[in-house]
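Just below is one structure, and these are the notes that go with it.
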Amino acid sequence: MSTSQPTPADILATDLSETAHLTSAAKHPRVLSGMQPSADSLHLGNYLGALVNWVKIQEDFEAFYFIPDLHAITVPQDPKDLVQRTRVAAAQYIAAGINPERSTLFVQSHIPEHTQLTWILTCLTGMGEAARMTQFKDKSAREGTEATGVGLFTYPMLMAADILLYQPHGVPVGDDQRQHIELTRTLAQRFNYRYGETFVVPVGFFPETGARIYDLQDPVSKMSKSAPSPNGLINILDEPKVIAKRIKSAVTDTGTEIHYDREHKPGISNLLDIYASVTDQSVAELVSAYEGKMYGHLKVDLAEAVTQRLEPIRTRALELLDDPAELDRILAVGADKARSIAAPVLDEVYEKSGFLRPAR
Ligand code: ATP
Ligand code: LTN
């Protein structure tokens with residue numbers, strides 16, 4: 001983990017007057033993040049790698065959390081599913097502890113400025129720069145160039161637009177998003193250099209634990225909504241018996257000893273990481289507690305610990321989904337607030353880019 005990037009504590013200690021002159025500048029330290037509604041439920045990696053952190057951070061920061069539905073269509077989505085998944089994501093954010101009274105919660109496609117800024121940032125990005133993004137390289141290698149949409153290639157510029165429109169100081173995301181954050185910073189600096197200071201250059205906030213949760217069946221690949229099989233996933237909306245079954249059949253390593261070794265024992269190390277994250281214990285404490293015990297013991301206890309942590313969230317999310325009109329109302333309030341920040345920033349970008357502004 002890089003130590004050169006400022007932490008949330010560093011950002012809280014910085015003098016905001018440095019950026020107070022910028023359009024839509026924040027009066028309090030600000031963060032923004034989002035998670036794609038590309039599956040029927042968020043999974044444990046999304047929860048531990050991102051959501052838990054968002055919930056903590058909203059206490060100290062002015063937070064913007066959104067649902068990037070435009071990003072979701074970089075791979076084909078059934079329209080009916082996408083609508084439902086967007087509401088499910090919103091319900092899960094709230095059920096996990098995002099407070100819509102305190103944080104701004106909105107849907108990406110409600111704010112047209114996201115796609116408008118994307119075009120400008122796309123024109124500032126080099127082909128080579130975009131082609132080096134590992135998410136694009138991995139997904140296009142898996143699917144082949146012919147089957148890969150251009151949207152997947154321009155995905156990072158849409159993500160940069162999502163961020164830069166809100167002038168956040170920090171972007172809490174999982175470890176796998178580092179490269180996209182780096183590109184966002186580069187594009188902000190490039191725009192500022194060419195057209196004059198406009199954007200806050202944000203930093204990524206990466207979690208210490210839960211940074212990367214791996215697939216239970218393939219513990220060298222990250223747990224992902226787009227995994228080829230659901231058997232390696234634990235979803236927030238899974239029933240306890242499904243969670244127990246998935247953990248019981250998780251791939252473990254040769255040997256019987258429970259110790260942490262990411263390289264040689266990726267299966268058991270992943271289970272230890274999950275266990276540590278859901279119970280707020282350290283891996284070292286767990287390893288000593290399980291000395292001399294079998295993998296099976298650990299799995300039974302882990303299933304119990306994961307269920308305890310997820311069950312209240314599942315129940316609350318299902319309750320919220322029972323009243324979609326209320327969820328949509330919360331999202332509409334969030335969209336109004338979000339747009340009041342994003343629109344003036346886009347206006348300034350258009351003006352600085354040399355676009356003739358319509359007479360008012
Ligand atoms: P997809 O498979 O569609 O790319 P995903 O499951 O990887 O989806 P994203 O929507 O890309 O999820 O990620 C949402 C957030 O969750 C990001 O901050 C990301 O870093 C985090 N995240 C996703 N998967 C994991 C994981 N396995 N471990 C830790 N954090 C994760
Ligand atoms: N690419 C992100 C989702 C995302 C995002 C953002 C995160 C889209 N736009 C802006 C933070 C800020 C992912 O987690 N896969």
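Just follow the structure's listing: the first ligand is 1, and inside any ligand the first atom is 1. Predicted model, so just to flag it, every value in this text is computed and none were measured. The analysis underlying the following values was restricted to heavy atoms, covering all of them including side chains, and did not include hydrogens, waters or symmetry mates.
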### Query
So, do H114 and Y166 have ring centers that fall under 6.0 Å from each other?
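Yes: the rings meet the under 6.0 Å criterion.
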#### Entry: F199/F191 aromatic ring centres below 6.0 Å
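Aromatic pair counts; centres sit under 6.0 Å.
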Which is it for [X] and ligand 1 at heavy atoms under 4.0 Å: side chain, backbone, both or neither?
X: M223; answer: both
X: A50; answer: side chain
X: Q135; answer: neither
X: S38; answer: side chain

### Message
For Y290 and Y275, take the angle between the two ring planes, folded into 0 to 90°, and tell me which bin it lands in: parallel under 30, tilted 30 to 60, perpendicular over 60.
### Response
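The arrangement is tilted - the two ring planes meet at 30° to 60°.
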### Residues forming a side-chain hydrogen bond (donor to acceptor under 3.5 Å, both in side chains) with S17, sequence neighbours excluded
D15
### Task
May I ask you to check whether over 12 heavy atoms, not counting those of H259, lie within 6.0 Å of atom NE2?
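Above 12, so yes.
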### Query
Around atom CD of E59, are there more than 12 heavy atoms of other residues, nucleotides or ligands at under 6.0 Å?
yes
Per-atom contacts, ligand 1 versus [X] - under 4.0 Å to a heavy atom:
X: M35; value: 14 (C), 15 (C)
X: G49; value: 29 (C), 30 (N)
X: V173; value: 18 (O)
X: R212; value: 28 (N), 29 (C)

### Task
May I ask you to check whether K139 and T148 show a side-chain donor-acceptor distance below 3.5 Å?
no
So is [X] polar-close to ligand 1, meaning N/O to N/O under 3.5 Å?
X: Q177; answer: no
X: G174; answer: yes
X: S224; answer: yes
X: G45; answer: yes

### Task
Ignoring hydrogens, just give me the one of K139, H71, H180, K225 whose non-hydrogen atom is nearest atom 4 (O) of ligand 1.
K139
### Message
Taking side chain to side chain donor-acceptor pair (under 3.5 Å) as the criterion, tell me which of Q177, E182, R178 meets it with H180.
### Response
Q177
### Task
Start with the C-alpha distance between M223 and Y214, add both sets of side-chain angles, then the distance that settles side chain to side chain contact (heavy atoms under 4.5 Å, CB included), and finish with yes or no.
CA-CA 5 Å; M223 188 177 284; Y214 293 86; 6.0 Å; no
Compile the donor-acceptor pairs under 3.5 Å between side chains in residues 322-330 and protein atoms, sequence neighbours left out, one pair per line.
unit_1, atom_1, unit_2, atom_2, d
D323, OD1, E326, N, 3.3
E326, OE1, R329, NE, 3.0
E326, OE2, R329, NH2, 2.9
D328, OD1, R87, NE, 2.8
D328, OD2, R87, NE, 3.4
D328, OD2, R87, NH2, 2.9

### Query
Under a strict 4.0 Å criterion on non-hydrogen atoms, which protein residues are in contact with ligand 2?
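Close residues (ligand 2, cut-off 4.0 Å): L32, S33, G34, Q36, F66, P68, H71, Y155, M159, D162, I163, V171, V173, Q177.
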### Task
List for me each residue that meets side-chain contact (heavy atoms from CB on, under 4.5 Å) alongside P266, sequence neighbours excluded, and say none if there are none.
P219, V220, D253, R262
### Task
Could you point out which residue of Y47, W54, Y65 forms a ring-ring contact (aromatic ring centres under 6.0 Å, His included) with Y93?
W54
